[in-house]
Colleague: 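Got a structure for you, questions after.
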Amino acid sequence: MSIQSSAPSKRPVVVYGASGYTGRLVCEYLREFGIPFIAAGRSEQRLKDALASNVPGVETADYEVAVVEHTVEALTELFTGAQVVLNTVGPFSQYGPEVVQACLAAGTHYTDTTGEQDWLITCEEQYGAHFAAAGLLLAPGIAQMYTTGEIAAQICLEQPGLDTLDIAVFWGGSPTIASTRTILVNAATSVAHYLEQNSYVPFDPTQGLVPLVVPGQHELAQSLPWGGTSHPVWFKRDPRVATCKAQGGVFNAALMNGVPQIVAGALEATKDMDAEQRDEALTATAAQVMNQMPPRENPRLNKSLDSVHASGPLGRAHCVIHGNQNYKQTGLLQAFAAYSLLQQPPLRVGFASGCQAFGHRELLGQLRAFGLVAEPVVTRQAG
Ligand SMILES: NC(=O)c1ccc[n+]([C@@H]2O[C@H](COP(=O)([O-])OP(=O)(O)OC[C@H]3O[C@@H](n4cnc5c(N)ncnc54)[C@H](OP(=O)(O)O)[C@@H]3O)[C@@H](O)[C@H]2O)c1
């Protein structure tokens with residue numbers, strides 16, 4: 001089966017950054033959904049190599065490779081005639097604006113894989129109304145971090161009368177090159193917020209590691225605000241929720257113990273630099289932490305845990321989603337977003353989360369169908 005574009009001459013979906021670890025996985029799942037796509041990026045060789053070596057079954061996919069310059073003009077030309085752009089070129093606060101502007105100019109839906117809170121706020125404030133007016137979806141952050149946790153939160157909120165979300169997001173495995181760079185750039189250039197009574201409140205930057213009780217293990221897990229996460233931004237637009245705080249990190253305690261020192265050292269070393277120098281220095285620091293493509297994920301090693309305690313004056317709910325292969329979850333969620341958008345409009349146009357655009361039960365169903373998460377564990381107390 002193949003989903004056809006309304007303009008048959010053009011493949012309907014563009015994966016921008018298809019040579020990257022996440023982009024390849026998006027291509028893998030687009031193939032499984034039978035969607036023709038354009039694998040776009042800055043290097044023809046890297047794109048061809050990545051698709052040939054890292055996308056199982058690519059010989060049966062309907063795709064082409066496109067090399068494009070990272071400018072609004074070149075991206076607009078590439079996107080024109082397509083319907084959906086799936087962007088995996090991060091850090092998005094740095095590289096996202098050109099892609100979003102090109103989508104608006106070309107009239108395509110936009111999704112990306114960000115977990116950067118400041119980029120979500122920029123998308124909502126600067127571009128959301130323009131996308132809504134054009135009847136287009138602007139959905140940054142359709143990715144394991146933080147859509148899977150959002151699904152858990154939405155399951156809790158199926159019970160009326162809950163207004164506070166306490167969220168923990170953990171994963172096992174190694175971050176990719178761009179993920180490492182994104183964590184550092186984000187820490188250096190933006191403030192992490194949580195939501196308290198519908199207003200953003202900055203985390204105390206000196207807070208450091210906080211041990212959390214997380215389901216499924218006896219040992220406490222070390223957590224950080226992790227840039228504030230996407231949840232406070234998404235739930236600021238939800239009339240059911242007034243307060244939302246998320247923390248998390250990686251299960252690897254040694255790595256977590258090292259993160260505050262790495263970030264503090266990078267901040268100190270770059271504090272007097274201009275934006276360009278700082279970017280170079282942070283890229284170099286990130287490369288010292290991670291300079292190679294991690295191996296293909298293994299469900300026995302690469303695990304995810306999303307736990308949400310929701311509470312209200314007289315009720316409580318707790319939802320835990322144990323999953324595996326975080327980057328595969330991201331690839332699947334992105335591909336399903338495209339599959340859905342090619343067939344029907346999203347539930348909400350303009351700025352929206354994955355759950356707001358496609359429905360949390362539907363996204364959970366996809367993750368379950370592909371074996372990437374277990375059935376959520378839900379406990380409730382209604383007053
Ligand atoms: N929230 C989540 O759960 C989640 C999950 C997955 C990924 N992410 C985010 O998604 C982003 C991508 O991650 P990844 O794992 O795919 O990283 P990656 O393997 O390092 O891939 C990065 C991609 O971006 C391209 N790129 C980098 N700089 C570029 C530039 N200046 N112009 C054009 N293209 C450029 C790379 O192209 P070349 O091959 O030519 O270098 C590559 O295709 C990161 O920001 C990461 O944090 C988030």
Side-chain angles (χ1 to χ4, degrees), residues 14-29 39-51 53-54 65-71 74-75 78 86-99 102 111-120 139-150 169-171 173-187 226-231 246 248-250 276 279-280 282-283 286-287 289-297 302 304 306 323 325-334 353-354 367 372:
V14 179
V15 183
Y16 184 44
S19 54
Y21 192 88
T22 309
R24 302 158 176 186
L25 290 167
V26 177
C27 296
E28 182 174 332
Y29 283 106
R42 58 182 170 174
S43 154
E44 184 175 4
Q45 197 56 50
R46 276 199 294 277
L47 287 162
K48 285 187 168 161
D49 289 350
L51 284 150
S53 316
N54 298 92
V65 164
V67 175
V68 63
E69 233 183 284
H70 190 79
T71 62
L75 291 165
L78 174 69
L86 309 175
N87 181 19
T88 65
V89 175
F92 297 90
S93 50
Q94 190 173 3
Y95 298 126
E98 291 87 347
V99 190
T111 77
D112 71 30
T113 56
T114 195
E116 298 157 52
Q117 192 183 77
D118 58 335
W119 172 238
L120 261 76
I142 298 187
Q144 193 278 327
M145 275 178 143
Y146 294 97
T147 303
T148 309
E150 190 200 3
V169 177
F170 282 89
W171 56 286
S174 317
T176 61
I177 298 170
S179 289
T180 308
R181 191 163 158 223
T182 301
I183 291 163
L184 275 183
V185 170
N186 205 241
W226 220 250
T229 83
S230 306
H231 300 293
V250 290
E276 202 174 321
D279 182 49
E280 269 178 37
L282 292 176
T283 301
V289 179
M290 172 53 72
N291 66 359
Q292 61 191 16
M293 203 58 108
R296 189 169 167 82
E297 288 171 310
N302 300 93
S304 67
D306 293 87
Q325 304 181 95
N326 314 45
Y327 286 90
K328 277 186 136 192
Q329 289 182 41
T330 300
L332 169 63
L333 290 165
Q334 284 284 321
S353 68
L367 291 169
L372 296 173

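Read the numbers this way: they start at 1 and go in the same order the structure lists the ligands and their atoms.
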Colleague: With no hydrogens and no angle check, is any side-chain donor or acceptor of Y95 less than 3.5 Å from a backbone partner on T88?
Modeller: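 Pair absent, no side-chain N/O of Y95 close to backbone of T88.
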Colleague: Please report the closest heavy-atom contact between T330 and T113, naming both atoms and the distance.
Modeller: CG2-CG2, 3.5 Å
Colleague: Give the numbers and elements of all ligand 1 atoms closer than 4.0 Å to a heavy atom of Q144.
Modeller: 3 (O)
Colleague: Output yes when the distance from some N or O of ligand 1 to some N or O of Y146 is under 3.5 Å, and no in every other case.
Modeller: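 In this structure, Y146 places no N or O atom under 3.5 Å from an N or O of ligand 1.
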Colleague: With atom 35 (C) of ligand 1 as the reference point, say which of T283, V89, D49, T88 has the nearest heavy atom.
Modeller: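 Minimum heavy-atom distance to atom 35 (C) of ligand 1 goes to V89.
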Colleague: Which of the atoms in ligand 1, numbered in the order shown and given with their element, are less than 4.0 Å from a heavy-atom of Y16?
Modeller: 33 (C)
Colleague: At less than 4.0 angstrom from any non-hydrogen atom of G17, what atoms of ligand 1 do you find?
Modeller: 43 (O)
Colleague: Could you please spell out the steps behind the side chain to side chain contact (heavy atoms under 4.5 Å, CB included) verdict for V99 and H70?
Modeller: CA-CA 8 Å; V99 190; H70 190 79; 3.8 Å; yes
Colleague: Considering the heavy atoms of G20, write down every atom of ligand 1 situated less than 4.0 Å from one of them.
Modeller: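 Those of ligand 1 that fall under 4.0 Å from G20 are 16 (O), 19 (O), 21 (O), 42 (C), 43 (O).
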Colleague: Tell me which protein heavy atom sits closest to atom 37 (O) of ligand 1, plus the residue, atom name and distance to 0.1 Å.
Modeller: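 For atom 37 (O) of ligand 1, the nearest protein heavy atom is S19 OG, 3.4 Å.
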Colleague: Counting distance only, does the side-chain N/O of Q117 pair as donor-acceptor with the main-chain N or O of T229 below 3.5 Å?
Modeller: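 Yes, the answer is positive, given that a donor and an acceptor are paired below the 3.5 Å cut-off.
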Colleague: Quick test: of every protein heavy atom, which one is nearest to atom 14 (P) of ligand 1, and how far off is it to 0.1 Å?
Modeller: T22 OG1, 3.3 Å
Colleague: Indicate, as side chain, backbone, both or neither, the part of R46 found under 4.0 angstrom from ligand 1 when only non-hydrogen atoms are considered.
Modeller: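 The answer is the side chain.
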Colleague: If you have a sec, work out which protein heavy atom is nearest atom 1 (N) of ligand 1 and how many Å separate them, to one decimal?
Modeller: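 Nearest protein contact, heavy atoms only, for atom 1 (N) of ligand 1 is M145 O, 2.5 Å.
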Colleague: For atom 19 (O) of ligand 1, which protein heavy atom lies nearest, and how many Å away is it?
Modeller: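 So the nearest neighbour among protein heavy atoms is Y21 N, 2.8 Å.
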Colleague: Are D306 and Q144 linked by a side-chain donor-acceptor pair shorter than 3.5 Å?
Modeller: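 Distance-only check passes for D306 and Q144.
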Colleague: To check your reading of the model: name the closest protein heavy atom to atom 18 (P) of ligand 1, its residue, and the distance in Å.
Modeller: A178 CB, 3.7 Å
Colleague: Mind running side chain to side chain contact (heavy atoms under 4.5 Å, CB included) on W119 and D112 for me, showing each step along the way?
Modeller: CA-CA 11 Å; W119 172 238; D112 71 30; 2.7 Å; yes
Colleague: Within the 4.0 Å heavy-atom shell around M293, which atoms of ligand 1 are there?
Modeller: 19 (O)
Colleague: Looking only at atom types and distance, does a side-chain atom of S304 sit under 3.5 Å from a main-chain N or O of F170, one as donor and one as acceptor?
Modeller: no
Colleague: May I ask you to decide if I142's main-chain N or O and Q334's side chain share a donor-acceptor pair within less than 3.5 Å?
Modeller: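 Judged by distance alone, yes, a pair lies under 3.5 Å.
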Colleague: Go through ligand 1 atom by atom and flag the ones less than 4.0 Å from a non-hydrogen atom of T114.
Modeller: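 Those qualifying, in numeric order: 1 (N).
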Colleague: Using a 4.5 Å cut-off on heavy atoms from C-beta on, say whether the side chain of W226 contacts that of Y146.
Modeller: yes
Colleague: If you measure from each non-hydrogen atom of N326 to ligand 1, which part falls under 4.0 Å: side chain, backbone, both or neither?
Modeller: neither
Colleague: Looking only at atom types and distance, does a side-chain atom of E297 sit under 3.5 Å from a main-chain N or O of K328, one as donor and one as acceptor?
Modeller: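 Yes; judged by distance alone, with no hydrogens or angles, the pair exists.
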Colleague: What protein heavy atom sits nearest atom 46 (C) of ligand 1, and how far off is it?
Modeller: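 The closest heavy atom on the protein side is S179 OG, 3.4 Å.
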Colleague: For the pair E116 (side chain) and F92 (backbone), establish whether a donor and an acceptor sit closer than 3.5 Å, ignoring hydrogens and angles.
Modeller: yes
Colleague: How far is atom 45 (O) of ligand 1 from its nearest protein heavy atom, and which residue and atom is that?
Modeller: T182 OG1, 2.8 Å
Colleague: Of the protein's non-hydrogen atoms, which lies at the shortest distance from atom 8 (N) of ligand 1, and what is that distance?
Modeller: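 Ranking protein heavy atoms by distance from atom 8 (N) of ligand 1, first comes T113 O, 3.4 Å.
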Colleague: Within ligand 1, which atoms have a heavy atom of T330 less than 4.0 Å away?
Modeller: 3 (O), 5 (C)
Colleague: Does some side-chain heavy atom of M145 sit less than 4.5 Å from a side-chain heavy atom of V169?
Modeller: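 V169 vs M145: side chains touch.
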